[in-house]
2 protein chains.
Amino acid sequence: MDNVNMTGLDSNTEQLILKAARSVFTNKGFDGARMQEIADVAGINKALLHYYFRSKDKLFEAIFKEVLNTVFPKIIAVLMSPLTLFEKIEKVSYNYIEMLKQNPDLAIFVFHEISRNPERLVGNFKNVGADFKIIQTQITKEAEAGIIIPIKAEHLIANLISLCVFPFIARPVLMGMSGMNKDEYDRFIEERKQIIPHTLITAIKK
Amino acid sequence: MDNVNMTGLDSNTEQLILKAARSVFTNKGFDGARMQEIADVAGINKALLHYYFRSKDKLFEAIFKEVLNTVFPKIIAVLMSPLTLFEKIEKVSYNYIEMLKQNPDLAIFVFHEISRNPERLVGNFKNVGADFKIIQTQITKEAEAGIIIPIKAEHLIANLISLCVFPFIARPVLMGMSGMNKDEYDRFIEERKQIIPHTLITAIKK
DNA sequence: ATATGATTTAACCAACTGGTCAAAGATATA
DNA sequence: TATATCTTTGACCAGTTGGTTAAATCATAT
């Protein structure tokens, strides 16, 4: 069992633990995750988990922050940028799907967290600068300019996020129901980069 | 602690258990649920759970079937009926949202199950008669008739389901981010009965 | 009244869980 | 080489969990 890394640089025990913990937590959720399994995946003794991170909660917290900070800032930055609404919809669809393609488990992870500790999620979003009012102002402005028909920011954002995230959460069911294989599903996901912006933009374009 | 029902009819111990189990399982998921908590909620001794249902798994299975059979047949029936695509989109949006309004926890429950046992879900859906090919045939026909632009059935169904379900799963986050109170959120959900069909139909209408 | 079967309970158990700890290995420093 | 510090380990612990069981209670028919 050689978990030692050849370069001897970044892959120390702590990194090993974080990687294992991320895999187990995102796949099983907090309740379903076992410290022993994380230790096994990392190839180390269970006590080491508590040596580096005091407790299961603290270890989870570390993963949680890591995940949220690699995931959401980019998307929120786009939403809060001075692009047009249409451009924002296109960019978020592309970035969000691309990111989820590389980390397919993150969607389930975040949804697990919604039912376990939604307040922390909200706090984290607000911390990164997410604010519905900015989008609402932009919608009002573009509606007055005759570009779009008015819509509540909550609806637009809910539509955008749900259309991007859902296929990653429901993947097993969608694959099972449609008979798609892995390649076909990847193509399906890729197509959504076009379909989602088309759907949302067509619906609000004047 | 009077759990006895006055009518003396349907609310026997078994019903009491099912009701409690449904509440606990849907809110906490299988891993997060505790048999003791279910017993407490039902106001009975924990051993009675095992008297009526052999194990936690069996009890969960009972809830799972009950939930799926009260929830999905109606929506799938609409999708498989001889209505037009636009009518189906409108009816499913309305029925699905209305059903989730009355059972807001079901969305989270089903999503928990997707990561725990997706095969069972797929099997159940197929059992109820869900079939993507029927929708695909209809799409092709209506596209050839010049009513809509062609789209994969997988995309259309994924769009429809995700737009309906997402606000119920992400409710705490959406409320926290937007500052909506409970009444405002109910209104928000109600509005989606119009917005979802509008969004999806506008996007595929020729 | 009482025998009989179904229901309910308190007490208990083995397995598992997160977490601790003392001791053993490493590693660097002197 | 001796020593001090950091890392890693196996053994262990207390609390929790799903599940069992023998006895008590209740209902019902005779």
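The sequence lines fix the lettering, A, B, ..., with proteins before strands; numbering per chain opens at 1. Heavy atoms only: backbone and side chains are in, while hydrogens, waters and symmetry mates are out.
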Self-check item: Positional range of nucleotides in DNA chain D within the contact set of chain B, heavy-atom, under 4.0 Å
Solution: D/dT17 to D/dT21
Quiz item: Among residues 45-57 of chain A, which residues get a heavy atom nearer than 4.0 Å to DNA chain C?
Solution: A/Lys46, A/Ala47, A/His50, A/Ser55, A/Lys56
Practice problem: With sequence neighbours excluded, tell me which residues meet ring pair (Phe, Tyr, Trp, His ring centres under 6.0 Å) with A/His155. | Solution: B/Phe188
Quiz item: Do any of residues 25-34 of chain B sit with a heavy atom less than 4.0 Å from DNA chain D, and if so which?
Solution: B/Ala33, B/Arg34
Exercise. List for me each residue that meets side chain to side chain contact (heavy atoms under 4.5 Å, CB included) alongside B/Tyr51, sequence neighbours excluded, and say none if there are none.
Key: B/Leu48
Quiz item: Which residues pass the salt bridge (charged side-chain N to carboxylate O under 4.0 Å, His left out) test with A/Glu90, sequence neighbours left out?
Solution: none
Quiz item: Do A/Lys91 and A/Ile75 have side chains that get closer than 4.5 Å, going by heavy atoms?
Solution: no
Self-check item: Pairs touching residues 154-183 of chain B that satisfy salt bridge (Lys or Arg N to Asp or Glu O under 4.0 Å), sequence neighbours left out
Solution: B/Lys182-B/Asp186
Quiz item: Starting at CD of B/Glu14 and ending at P of C/dA6, how long is that distance when rounded to a whole Å?
Solution: 15 Å
Quiz item: side-chain hydrogen bond (donor to acceptor under 3.5 Å, both in side chains) with A/Asn27: which residues, sequence neighbours excluded?
Solution: none
Quiz prompt | Partner residues of A/Glu66 under the salt bridge (charged side-chain N to carboxylate O under 4.0 Å, His left out) criterion, sequence neighbours left out | solution = A/Arg22
Quiz prompt | Protein-nucleotide distance (A/Asn12, atom CG; C/dA26, atom C1'), rounded to Å | solution = 15 Å
Practice problem: Return the set of residues passing ring pair (Phe, Tyr, Trp, His ring centres under 6.0 Å) with A/Phe60 (not counting sequence neighbours), or none when no residue passes. | Solution: A/Phe25, A/Phe30, A/Phe109
Self-check item: All side-chain hydrogen bond (donor to acceptor under 3.5 Å, both in side chains) counterparts of A/Lys28, not counting sequence neighbours
Solution: A/Glu37
Practice problem: Measure from CD on A/Glu37 to P on C/dC16 and round the result to the nearest Å. | Solution: 14 Å
Report all side-chain donor-acceptor pairs from residues 128-137 of chain B shorter than 3.5 Å, counting only partners two or more places apart or in another chain.
residue, atom, partner, partner atom, Å
B/Asp131, OD1, B/Lys133, N, 3.1
B/Gln136, OE1, B/Ala153, N, 2.7
B/Thr137, OG1, B/Lys133, O, 2.8

